[in-house]
Structures are given as C-alpha cells and as structure tokens.
Amino acid sequence: MVSLLARLLFFAWMVLHYCGTEKVRQRALRQRDAEFIERCTGSDSSSPNCTRHSAEASRPFHYNGCMQGPAGTPGRDGNPGMNGIPGIPGRDGLKGEKGECMREILEEPWKPNFKQCAWKSLNYGIDLGKIAECTFTKMRSDSALRVVFSGSLRLKCKNACCQRWYFTFNGAECTGPLPIEAIIYLDQGSPEFNSTINIHRTSSVEGLCEGIHAGLVDVAVWVGTCVDYPRGNASTGWNSVSRVIIEELPK
C-alpha cells in the first residue's frame, strides 16, 4: 500500500513538473518571437536575419525566421526504486518534427514619385534629332514609367510625307513592351494647296515603359522619319508651352 501511494505521488510530481516546464518553454518562445519581430521591424534591422534591401523608404524589406517544430512523443517515466533498489530508468521520446522557416515581406506604402519639365516656347524647327530632355530619379527597378509629352506639332510638305515623335530612355527607345511614339502623315495633294498648309496643333505622345533599372534616367523626346516615307518640314513647340511629365508607377 505504501509502495502504491509512493508511486502515485511520484507520478503526480512528474506531471506537474512537465506542465510547469512546458509553460515556461512556451512563454520563452513567445517572448523570443516578439523580440525577433520587433528587432527586424525596428531600428536594429541590420541583424544577419533582417536584411534591408534598399535605403529608400519606398522599398520593401524582408526578415527570415524559423519556428520550432511540433514536440516529439514524451519519453517513458522510470519506475521508482524500492528499499534501496534503483528503479528502471526512463527512455527518451521520439524526435520532434523539424520546424518550418518563414519569410515575411513587409511592404511599405507606395510613395508618389513624379517630375515635370516645361518649356515656354521651344520653337524647334528640326526634322531629325533630339527636341527636349528631362532627367528623372527612378526609385525601384520593378516599377514602370509613365511618360507624357504635350506640345504643338506641325508637318508641312508638297508631296506625301511623314514624321515621327518618340521617347528614349537613357538613349534607347522603350522595349518593355514597345516604343512610345506618335506620327503625323500628310497626304499628297495639289502643289498649290500643300505649299500653303501650315497648321500647328497641340498634340501628345504618351505611354508606359517597363524594364528600366532604378537610378537616374534621361528621358528625351526626339523627332524622326517614318518607315518607307520621306520626311517633311517638322516643327515642335511653336508659340506655346511644351512639357514632359514622368511618373513612376507600381506594377
């Protein structure tokens, strides 16, 4: 009877000891996770597991962490000794499953980024070449640029002719996905009529370009010829304000 009572008391002590240890362990894990998230999202973001990918405020930042896996099967309790005879030792439980690593991406709010360059009166009468340029600071490589040119355009010729106004980015036309352009075509008519027509109209060239790396971008407006058509007498920005608007947009 005494032996049975001793066994029951020992078993009860083991259960209480295990539950208390488990509560302390869970509390420590929660405290560790809270400190980890606070560290990675706070001022100490230079930790090896917290990598800030950009100095700009509009960039996302990442942190990595691994959670503890499920606990294994508890080991078997040993039997208490009796009358000086050692009891049977307990055995280790089965190994728990490996914890999963998680990767959090915390996106900060998108901040507007745009610029406007304006000219009171360009009065450019060139038929081939660069008309105007505006330098822009692009904050992210995974964004798109929206560009707009607004100004007076004119084409004049006695025979059929065509001129093309287009954008370049760091000296190259857009390839993501296609060039940003506009054309004016003037059909062949009577020499008397075409020799006198001289209409200047405010027009726009507009589009989105993707695949441009972050950093300084030289955005320029050019005038050139159309494929398979002779050039005419072009004019840009006559007697009016011309402007280039550049805006960075999230994809």
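All values below come from the heavy atoms of this structure, side chains included, with hydrogens, waters and symmetry mates left out.
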- [ ] May I have the step-by-step check of side chain to side chain contact (heavy atoms under 4.5 Å, CB included) for Ser121 and Val241, ending in yes or no?
- [x] CA-CA 5 Å; Ser121 184; Val241 172; over 6 Å; no
- [ ] Would you check, one step at a time, whether the test side chain to side chain contact (heavy atoms under 4.5 Å, CB included) holds for Arg146 with Glu206?
- [x] CA-CA 7 Å; Arg146 174 179 177 264; Glu206 181 177 358; 2.7 Å; yes
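- Asn113 contributes atom CG, which lies 7.5 Å from atom OG1 of Thr137 (distance to the nearest 0.5 angstrom).
- Residues Val148 make up the rest of the hydrophobic cluster containing Ile245, defined by ILVMFWY side-chain heavy atoms closer than 4.5 Å, directly or through other members.
- The structure places CD1 of Ile180 at 7.0 Å from CG of Leu208, a figure rounded to the nearest 0.5 Å.
- Counting only heavy atoms from C-beta outward, the side chains of Ile212 and Val217 approach each other to under 4.5 Å.
- With rounding to the nearest 0.5 Å, the separation of NE2 in His213 from OG in Ser141 is 6.5 Å.
- Of all non-hydrogen atoms in Ala182 and Ser204, the two that sit nearest each other are CB-O, 4.3 Å.
- Ser152 has its side chain within reach of Ser240: a pair of non-hydrogen atoms, C-beta onward, lies under 4.5 Å apart.
- In terms of the ring pair (Phe, Tyr, Trp, His ring centres under 6.0 Å) criterion, Phe114 has no residue partners (sequence neighbours excluded).
- Closest approach of Leu145 and Phe136 over heavy atoms only: CD2-CE2, 3.6 Å.
- A donor-acceptor pair is defined here as one N or O able to donate and one able to accept, closer than 3.5 Å; such a pair exists between the side chain of Lys138 and the backbone of Arg140.
- Proximity of Ser150 to Thr202: side-chain heavy atoms (C-beta onward) are separated by under 4.5 Å at one or more points.
- Minimum heavy-atom separation, Phe169 to Val147: CE2-CG1, 3.7 Å.
- Taking all atoms of both residues into account, the shortest heavy-atom contact from Ala160 to Cys157 is C-SG, 4.2 Å.
- Sorted by first and then second residue, the salt bridge (charged side-chain N to carboxylate O under 4.0 Å, His left out) pairs involving residues 210-223 (not counting sequence neighbours) are Glu210-Lys251.
- Among pairs with a residue in residues 167-180, those fulfilling salt bridge (charged side-chain N to carboxylate O under 4.0 Å, His left out) read Arg164-Glu173, at least two apart in sequence or across chains.
- In this structure, Ser242 and Gly151 approach most closely via the heavy-atom pair OG-CA, 3.9 Å.
- Proximity of Trp110 to Met139: side-chain heavy atoms (C-beta onward) are nowhere separated by under 4.5 Å.
- Closest heavy-atom contact between Leu155 and Cys162: CD2-CA, 4.0 Å.
- In terms of modelled atom types and a separation under 3.5 Å, the side chain of Gln163 and the main chain of Asp127 share a donor-acceptor contact.
- Every residue meeting the side-chain contact (heavy atoms from CB on, under 4.5 Å) condition with Cys117, not counting sequence neighbours, appears here in chain and number order: Lys115, Trp119, Cys134.
- Hydrophobic clustering places Val205 together with Ile126 (ILVMFWY residues linked when any side-chain heavy atoms are closer than 4.5 Å, directly or through intermediates).
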Can you give each donor-acceptor pair under 3.5 Å made by side-chain atoms of residues 220-239, sequence neighbours left out, with the distance rounded to 0.1 Å?
| from | atom 1 | to | atom 2 | distance (Å) |
| --- | --- | --- | --- | --- |
| Trp222 | NE1 | Thr168 | OG1 | 2.9 |
| Asn233 | OD1 | Arg154 | NH2 | 3.4 |
| Thr236 | OG1 | Trp165 | NE1 | 2.9 |

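- Criterion: ILVMFWY side-chain heavy atoms under 4.5 Å apart, direct or through other members. Under it, Tyr166 and Phe149 are not part of a common hydrophobic cluster.
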